[in-house]
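Lettering of chains follows the sequences in order, A, B, ..., and the numbering in each one begins at 1. Worth knowing before you read on, the calculation uses all heavy atoms, side chains too, and leaves out hydrogens, waters and symmetry mates. For clarity, every value in this text was computed on a predicted model and none was experimentally measured.
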Number of protein chains: 4
Amino acid sequence: MSSKKQGIILISREVIHSKGYQATSVSDIMEAAKIGKGQFYHYFQSKHDLGLAVVEDLVKDWEEQLIIGILNTSNDPVTKLQRMLQWAETSHAEMEIKYGCAMGNLAIEMSTQDEEFRIKINEFFNHWINSVADILTEMMENHQLDQSINPKKDAESIVAMIEGGILLMVSQQNIQVLRDIFEVIIQKYHLD
Amino acid sequence: MSSKKQGIILISREVIHSKGYQATSVSDIMEAAKIGKGQFYHYFQSKHDLGLAVVEDLVKDWEEQLIIGILNTSNDPVTKLQRMLQWAETSHAEMEIKYGCAMGNLAIEMSTQDEEFRIKINEFFNHWINSVADILTEMMENHQLDQSINPKKDAESIVAMIEGGILLMVSQQNIQVLRDIFEVIIQKYHLD
Amino acid sequence: MSSKKQGIILISREVIHSKGYQATSVSDIMEAAKIGKGQFYHYFQSKHDLGLAVVEDLVKDWEEQLIIGILNTSNDPVTKLQRMLQWAETSHAEMEIKYGCAMGNLAIEMSTQDEEFRIKINEFFNHWINSVADILTEMMENHQLDQSINPKKDAESIVAMIEGGILLMVSQQNIQVLRDIFEVIIQKYHLD
Amino acid sequence: MSSKKQGIILISREVIHSKGYQATSVSDIMEAAKIGKGQFYHYFQSKHDLGLAVVEDLVKDWEEQLIIGILNTSNDPVTKLQRMLQWAETSHAEMEIKYGCAMGNLAIEMSTQDEEFRIKINEFFNHWINSVADILTEMMENHQLDQSINPKKDAESIVAMIEGGILLMVSQQNIQVLRDIFEVIIQKYHLD
DNA sequence: CATGAATGAGGTTTCATTCAT
DNA sequence: TATGAATGAAACCTCATTCAT
C-alpha cells in the first residue's frame with residue numbers, strides 16, 4: 001500500500017477517534033491530511049471504504065501491540081495481564097480520557113449500523129477475550145487462581161470492565177474511575 | 001409539559017437509540033412522529049434542544065425504574081442487585097442486543113462532543129454507581145461480603161461490566177456474553 | 001399540484017429541451033427557475049423525479065394539443081392530417097430547428113437508459129400512431145385512399161417520417177428538409 | 001494512425017453508443033479499453049477530441065459499408081435499395097433495438113450542442129440522401145417508378161423513415177415497427 | 001398551534017484534465 | 001510511451017433552520 005494512503009488512514013484514525021465516524025466529513029479528512037477532494041477518492045472508493053480501512057488499521061495495530069506484543073508472549077501470565085492494564089491506561093491516555101476507546105467507540109457507533117464494521121471489530125474483541133482466557137487458564141493450571149474462575153467468562157468480564165471503565169472515564173472526564181476498576185481486577189486476579 | 005411534546009420525545013428516543021444522534025435527522029423524527037416542520041420547531045428550539053430533552057427523559061425514566069424502583073428500595077441488598085441485573089438484561093432486550101445501551105451509546109457519541117450532554121449522562125451514572133456502592137456497603141455491614149471489597153470501586157466495576165458487556169453483546173450480536181458476565185458478577189457478590 | 005412546482009416543470013422543459021437531460025444540471029434549473037437548492041428538492045425527490053415530471057407534462061400537453069385537439073376531433077380526416085403537419089412544423093418552430101423534437105430527443109436519450117422514461121414516452125407515440133391509423137382507416141372507408149394502404153403500418157411510417165425529418169432538420173440546421181418530407185406525405189395521402 | 005488509438009476508438013464507439021456521449025466518462029472508456037489516464041490523454045487531447053474521432057470513424061465505416069459498399073455500386077437500383085434496408089435492419093441489430101442508431105443518437109445528442117459534431121454527422125446524412133436520390137432518379141429513368149416521385153424529397157423521406165423508425169423501435173423495444181415501415185417503403189418503391 | 005415553502009451551507013461523490021516520474 | 005497521483009470545479013443531494021401564512 002502506498003505510504004500516502006497509509007498516511008491518510010493514520011490521520012483519519014485520529015480525526016474519526018475524536019469526532020466519531022458519522023460526524024467526520026470527508027472535508028475534515030482532506031483538511032487534516034492536506035489533500036484535495038480528488039486525491040481522497042483516488043485512494044478510497046468512498047467514505048465507507050475509508051472507514052473500513054481505518055478499522056482494519058486499528059485492528060492490525062492493536063493485534064500487534066496487545067495480542068501479539070503483550071498477551072501471546074512467553075512471559076508469565078501475571079506480567080502479561082499487568083502489562084495489558086498498563087497498555088490500556090497509558091498507551092493512548094490523552095486521547096482516551098477525552099474521546100474514549102477508539103475501538104469501543106466504533107463498535108458502538110458502527111456495529112449497529114453496518115455489518116462489515118461489526119465483523120471486523122468483533123474479530124478483534126474475540127481475539128482479545130480468547131487471549132485473556134488462555135492466560136487465566138494458564139494461571140489456574142499454575143494454581144495462581146482458585147477454582148471458582150471460569151476462564152472464558154472471566155475474560156469476557158475483564159474486557160467488559162476495561163471498555164465499560166473507559167466509557168465511565170469519558171463520562172466523568174476523570175481517569176480515577178478507570179484506575180479504581182483496574183484495582184478491582186488486580187485484586188481479584190492477584191496481579192499485584 | 002404538553003403530552004404532544006412528550007410523545008415526540010418518546011418517539012425520538014427510539015429513533016435516536018436505533019440510529020444514533022448524529023445520524024438521526026430532524027426529518028427522521030418528523031416522519032416517525034408524523035408531525036411537520038413547524039410542529040417540531042414549536043416544541044424544540046433546535047435538534048440539540050431535542051437531544052437534551054431526550055437525554056433528560058431517558059435519565060428520568062432510568063432513575064425511576066432503576067435507582068428509585070430497584071436500588072433505593074428497602075428490599076434486601078442481594079435482591080436489589082439481582083433485580084438490577086434482571087432489569088439490565090430484560091427491560092429493553094430486543095433493542096439492546098441490536099442497538100446497545102441507549103444511555104451508553106449517547107455517552108460515547110455525545111459526551112465527547114457536547115458538555116451539556118456529558119453532564120446529564122454523568123449524573124445518572126454517578127447515581128447508579130453510588131446506589132450500588134451503598135448496597136455493597138450494606139452487604140459488608142451484614143457480613144454478606146468479605147472485607148476485600150471496596151464498595152465504591154466495586155460499584156464502578158459492576159456498572160462498567162454491565163456497560164462493557166452490552167458493548168460486547170452488540171459486537172457479537174449474541175446475548176450470551178452478557179449472561180456470562182452477569183454470572184461472574186453473581187458469583188463474586190454471592191447473588192445466587 | 002402547486003403552481004410553483006408547475007412553473008419549475010415548465011422552465012425545466014425548456015432547459016432540458018435545449019441542453020438534453022443529462023447535460024442539464026440541477027443548478028441549471030435552479031438558475032433558470034430562480035430557486036434555491038432546497039427549494040428544488042422540496043418539490044422533487046431527485047433529478048430523475050423531475051425528468052419524469054417533465055416527460056409527463058410534455059406528454060399531457062401533446063396529448064391535448066395533438067391527439068385530442070387535432071387528431072381525435074370530428075373534422076374530416078384530410079383536415080386533421082393537414083393540421084397535424086402544420087402543428088409539427090410551426091408549433092415550436094424556433095426551438096425545434098435548433099434543438100429538435102422535445103419528445104424524440106428524450107426518447108433517444110432516456111428510453112435507452114431508463115425504463116420509466118421509455119414507457120411514458122412510448123405510450124404517447126402509440127397514441128399518436130393509433131390516432132393516425134384511425135384517420136387513415138376512415139379515409140379508406142371514404143375511398144379517399146386506394147387499397148394498397150395499411151393503416152397501422154402507414155401511420156407508423158408517417159410518425160417515423162416526422163420524427164426522422166426533424167432529426168435531419170436539426171442535422172442540416174435547415175427547415176427545408178422537413179418541408180420536403182411533408183410534401184411527400186401530402187402527395188402520398190392526397191392531403192392537398 | 002496507431003492501431004492502439006484505433007482500438008480505443010472502436011471500444012469508445014460501443015460505449016458511447018450504449019450510454020450516450022455525455023453519460024460516458026473518460027473513466028468508462030479507460031476501463032473498457034483497459035488503459036490508464038496517461039494513455040488516453042496521449043492519444044486524445046480531450047474527451048471532445050475522442051468524440052470527434054468516434055464520429056469520424058463511424059462516418060468512415062458507414063460510408064464504406066452503406067454508401068460505397070451498397071448504394072454506389074453498379075448493381076441495379078432495386079437491389080441496392082433492398083440491400084440498404086437489409087443493412088439497416090440487420091447489421092447491428094442487437095445493439096440497435098436496445099440503444100438505437102449510433103449515428104442518429106449522436107445527431108440528436110451532439111448536433112444541437114456542438115457545431116463540429118453536427119457538420120461531420122450532417123455530411124454523412126447528405127451523402128446518404130444524395131446516393132438514394134441518385135438511385136431513385138435512375139429508377140425513374142428506367143421507368144421503374146411513376147413520375148410523381150421527386151428523387152431528392154423522396155430520398156429525404158426514406159432516410160427519415162429509417163431514422164424515425166429506429167427511434168420508434170427503441171421506444172417500443174420491438175423490431176416489428178421498423179419492419180412495418182420498411183414494408184411501406186418496399187411497397188411504395190416496388191422493391192419486392 | 002400548525003403547515004409547508006424557502007434558504008443556503010455543507011454532505012458525498014464524479015469528472016475532465018494536468019503533472020511528476 | 002506509459003503510469004497513476006494530483007487537482008479543483010461541479011455534480012446530485014441532505015440538512016438544520018427560518019419565514020410567511
Engineer: Between atom CE in B/M30 and atom P in F/dC15, what is the gap in whole Å?
Structural biologist: 11 Å

Engineer: Using atom P of each nucleotide, how far apart are E/dC1 and F/dT21 to the nearest Å?
Structural biologist: 23 Å

Engineer: Round to the nearest Å and state the distance from A/K5 atom NZ to F/dG4 atom P.
Structural biologist: 14 Å

Engineer: For the side chain of B/K37, counting heavy atoms from C-beta on, which of F/dA6, F/dT18, E/dT14 is nearest?
Structural biologist: F/dT18

Engineer: Write down the distance between CD (A/Q22) and P (F/dC15), rounded to a whole number of angstrom.
Structural biologist: 11 Å

Engineer: Heavy-atom distance under 4.5 Å between the side chains of D/E116 and D/H48, does that happen here?
Structural biologist: yes

Engineer: Could you please name the option among F/dA11, F/dA6, F/dT17 that lies closest to any side-chain atom of A/Y43?
Structural biologist: F/dA6

Engineer: Go nucleotide by nucleotide along DNA chain F from the 5' end; which of A/K34 and B/Y21 gets its closest nucleotide reached first?
Structural biologist: A/K34

Engineer: Could you tabulate the donor-acceptor pairs under 3.5 Å formed by side-chain atoms of residues 26-36 of chain A, not counting sequence neighbours?
Structural biologist:
| unit_1 | atom_1 | unit_2 | atom_2 | d |
| --- | --- | --- | --- | --- |
| A/D28 | OD1 | A/S25 | OG | 3.4 |
| A/D28 | OD2 | A/K19 | NZ | 3.0 |
| A/D28 | OD2 | A/S25 | N | 2.9 |
| A/D28 | OD2 | A/S25 | OG | 3.3 |

Engineer: Write down the distance between CD1 (B/I8) and C1' (E/dA2), rounded to a whole number of angstrom.
Structural biologist: 11 Å

Engineer: Does the structure place the NZ or CZ of D/K47 under 6.0 Å from the centre of the six-membered ring of D/Y41, at an angle of no more than 45° from the ring's axis?
Structural biologist: no

Engineer: For DNA chain E, what are the stems built from at least three Watson-Crick or G-U pairs in a row, each pair having both distances below 3.5 Å?
Structural biologist: E:2-21 with F:2-21

Engineer: With respect to the side chain of A/S27, which nucleotide from E/dC15, E/dG11, F/dA16 is positioned closest?
Structural biologist: E/dG11

Engineer: In whole Å, I'd like the distance from the CZ atom of C/F44 to the P atom of F/dC12.
Structural biologist: 14 Å

Engineer: Can you tell me which nucleotide in F/dC12, F/dA6, E/dA2 comes closest to the side chain of B/K4?
Structural biologist: E/dA2

Engineer: Look at B/Q39 and E/dC1 and indicate whether a side-chain polar atom (N or O) is within less than 4.0 Å of OP1 or OP2.
Structural biologist: no

Engineer: Would you check if the side chain of D/S46 reaches a backbone N or O of D/D49 as a donor-acceptor pair within less than 3.5 Å?
Structural biologist: yes

Engineer: Is it the case that the side chain of D/S111 and the backbone of D/I108 share a donor-acceptor pair, with hydrogens and angles ignored and the cut-off at 3.5 Å?
Structural biologist: no

Engineer: Heavy-atom nearest nucleotide on DNA chain F for C/D28 versus B/F40: which residue maps closer to 5'?
Structural biologist: C/D28

Engineer: Report the distance from atom CD of D/Q45 to atom P of E/dT18, rounded to the nearest whole Å.
Structural biologist: 9 Å

Engineer: Please report, rounded to the nearest Å, how far the P atom of E/dG4 is from the CD atom of B/E31.
Structural biologist: 14 Å

Engineer: Report yes if a side-chain nitrogen or oxygen of A/Y41 is closer than 4.0 Å to either non-bridging phosphate oxygen (OP1 or OP2) of E/dT14; otherwise report no.
Structural biologist: no

Engineer: Which residues satisfy the side chain to side chain donor-acceptor pair (under 3.5 Å) test with C/S171, sequence neighbours excluded?
Structural biologist: D/N122

Engineer: Short question: side chain of D/K98, backbone of D/Q173 - any donor-acceptor pair under 3.5 Å?
Structural biologist: no

